[in-house]
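Order of the sequence lines sets the chain letters (A, B, ...), proteins ahead of strands, with each chain counted from 1.
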Protein chains: 2
Amino acid sequence: MSSVVKKTEGAGAPEAGASRQATAERIPAAQRRELILDAASGVFAERGYAGSTTDRVAKAAGISQPYVVRMFGTKETLFLEALDRAHGKLLGRFREVIAAYDAGELTEQLQQLDPAVGSGRPEQLKQLMAIAYADLVEDRGILMMLMQAFVSGHEPAIGARAREGFLSIYRLVRDEAGLSPEAARDFLAQGMLMNTLIGIRLPDLYEQDPTADELLECTLRSKLPIVLKASKAQLRAG
Amino acid sequence: MSSVVKKTEGAGAPEAGASRQATAERIPAAQRRELILDAASGVFAERGYAGSTTDRVAKAAGISQPYVVRMFGTKETLFLEALDRAHGKLLGRFREVIAAYDAGELTEQLQQLDPAVGSGRPEQLKQLMAIAYADLVEDRGILMMLMQAFVSGHEPAIGARAREGFLSIYRLVRDEAGLSPEAARDFLAQGMLMNTLIGIRLPDLYEQDPTADELLECTLRSKLPIVLKASKAQLRAG
DNA sequence: GGTTGTTGTAATCGAATGATTACTTAAATC
DNA sequence: GATTTAAGTAATCATTCGATTACAACAACC
């Protein structure tokens with residue numbers, strides 16, 4: 001009864017120089033999940049929720065579009081999982097910094113800080129977390145993934161998660177790092193400015209526009225080389 | 001030859017209680033343009049470029065979708081014009097504040113400032129412009145329109161305009177208001193934080209989450225009532 | 001060696017969407 | 001009052017996209 005149609009694609013050379021094989025290598029679903037989330041983070045970070053397609057994520061992950069959908073159910077849950085992951089990485093990174101500081105493991109980094117920074121724990125942690133934040137630009141998409149969620153407040157599920165995520169970051173900075181509300185606010189504000197500069201790809205104008213140079217140097221300070229390197233890498237990746 | 005099909009929709013009651021007439025009132029194209037841009041600002045501000053449809057803009061403007069497209073050519077040019085308008089309104093508002101300050105017309109507002117603010121022109125202008133910035137939340141969509149552009153760096157035309165727009169704001173704050181690069185950076189950072197809080201609709205959680213209350217009060221200060229009022233109005237409008 | 005579960009794809013479907021075409025109707029002009 | 005111009009819509013088209021279905025192939029197990 002069933003129509004027997006064997007695949008037989010190209011009896012001669014099944015794999016003649018094509019970089020992408022017709023069917024992806026078989027790996028456990030749990031691993032594939034992580035690869036898809038990696039790909040989704042990059043795509044969503046760049047194009048936002050509405051601007052991204054499951055097919056683009058699939059292509060970036062090297063698999064077919066139906067597999068992406070079946071693994072996550074809907075595009076929305078895929079976005080939410082990628083968002084949770086970005087959020088978790090950020091919180092995790094901050095907690096690492098705090099733990100390392102409290103364990104006295106950051107003495108050499110402390111000496112590289114601007115001497116104008118006070119010697120109190122909150123002041124020093126604020127600086128150290130700012131550096132850690134800039135480092136996250138390298139891990140493609142974490143910061144922009146959050147940023148994209150921040151402008152998606154109109155999507156009920158995404159908006160709710162974005163609100164809760166933002167508040168949890170504020171709480172960490174205030175309660176675990178011990179910053180005052182005002183210091184925490186200033187810390188977040190600098191972070192949002194950094195996100196914005198990256199969002200508009202201002203690093204692409206570096207050394208082409210004096211105003212851009214000044215703003216970038218003033219905002220990023222010692223973190224500028226890291227960000228510039230990440231931006232150039234992103235340019236090459238297209 | 002032509003098939004004669006008269007419109008004749010409902011020979012009895014052509015307009016029986018429907019709030020939207022079948023065909024819009026005829027007004028000059030220049031006026032219609034402004035109405036469409038108003039509608040587009042609201043729609044794009046809420047849903048971003050990719051998440052908005054020309055049909056939604058048309059509905060918000062009370063006309064048909066083809067008219068929107070014919071008036072602006074493409075969705076992209078419509079977005080760019082709405083963006084330019086938002087950008088121009090922001091620059092214009094800042095310049096008004098600066099001009100009024102230099103003309104000595106803001107003495108009563110100056111006395112309401114936090115006494116901790118210095119008495120220099122840059123310090124005072126910084127505060128006054130921050131208040132003006134918060135006022136713009138009322139004019140539905142200006143700030144979020146800009147914010148949406150800031151996360152659309154990957155769209156070539158929009159990204160370019162967003163970069164140029166952001167730099168022109170920075171230049172105004174630095175050159176016309178006279179802020180130092182660091183002060184200008186801090187001013188912009190506070191603005192980006194405000195945008196973010198509005199983007200995630202944090203005001204909707206006011207008096208429902210103590211953390212949200214603290215962050216909102218700490219960030220917005222005297223501007224909080226204005227923002228809360230605007231948010232509630234937006235909630236009602238859906 | 002057959003059975004069963006897991007990993008993956010091709011084909012396709014229906015809805016949404018930006019854009020186009022052809023038309024209608026009200027107003028201005030001669 | 002006929003003609004022309006401006007303002008606006010209905011209908012529709014070609015794509016795109018998220019999701020579904022049905023199937024293929026490899027691996028593990030009995």
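- Look at CG on A/L78: it is 14 Å from C1' on D/dA19, rounded to the nearest Å.
- For the side chain to side chain donor-acceptor pair (under 3.5 Å) test, residues two or more places apart in sequence or in another chain that qualify with A/R95 are A/E176.
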### Task
For side-chain contact (heavy atoms from CB on, under 4.5 Å), just list the numbers for B/E214 and A/Y170, CA-CA rounded to whole Å, side-chain angles, deciding distance to a tenth of an Å, and then say yes or no.
CA-CA 10 Å; B/E214 180 181 295; A/Y170 176 71; 2.5 Å; yes
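- Between A/R32 and the phosphate of C/dG8, there is a side-chain N or O to OP1/OP2 separation shorter than 4.0 Å.
- We find that CG of A/L35 is positioned 14 Å from C1' of C/dG8, with the value rounded to whole Å.
- Residues that satisfy the side chain to side chain donor-acceptor pair (under 3.5 Å) test with B/E46, not counting sequence neighbours, are B/R140, B/R201.
- Between the NZ atom of B/K59 and the C1' atom of D/dT9 there is a distance of 13 Å, rounded to whole Å.
- Between A/D139 and A/R85 there is no salt bridge, since none of the side-chain N atoms of the basic residue sits less than 4.0 Å from a carboxylate O of the acidic one.
- The phosphate of C/dG18 has OP1 or OP2 within less than 4.0 Å of a side-chain N or O from B/T54.
- Per the geometry, CG belonging to B/D55 stands 16 Å off P belonging to C/dA15, to the nearest Å.
- Closest contact between the side chain of A/A29 and the listed nucleotides D/dT9, C/dT7, C/dT9 involves C/dT7.
- A salt bridge does not link A/E155 to B/R47: none of the charged nitrogens lies less than 4.0 Å from a carboxylate oxygen.
- Under a cut-off of 6.0 angstrom, the local environment of CZ in A/R56 is sparse, with at most 12 non-hydrogen atoms contributed by other residues, nucleotides or ligands.
- Evaluation of atom-type donor-acceptor distances gives a pair under 3.5 Å for the side chain of B/R26 against the base of D/dA6.
- Non-hydrogen atoms lying under 4.0 Å from DNA chain D are contributed by B/S64, B/P66, B/Y67, B/R70, all within residues 64-74 of chain B.
- In this entry the distance linking CD1 of A/I36 with P of C/dT7 reads 11 Å, nearest Å.
- By the 4.0 Å N-to-carboxylate-O rule, B/E164 lies close enough to B/R171 to be salt-bridged with it.
- At whole-Å resolution of the value, CD1 in A/I27 and C1' in D/dA27 are 15 Å apart.
- Straight-line distance from the CD1 atom of A/I63 to the P atom of C/dT6: 18 Å, rounded to whole Å.
- At whole-Å resolution of the value, CZ in B/F79 and C1' in C/dG18 are 16 Å apart.
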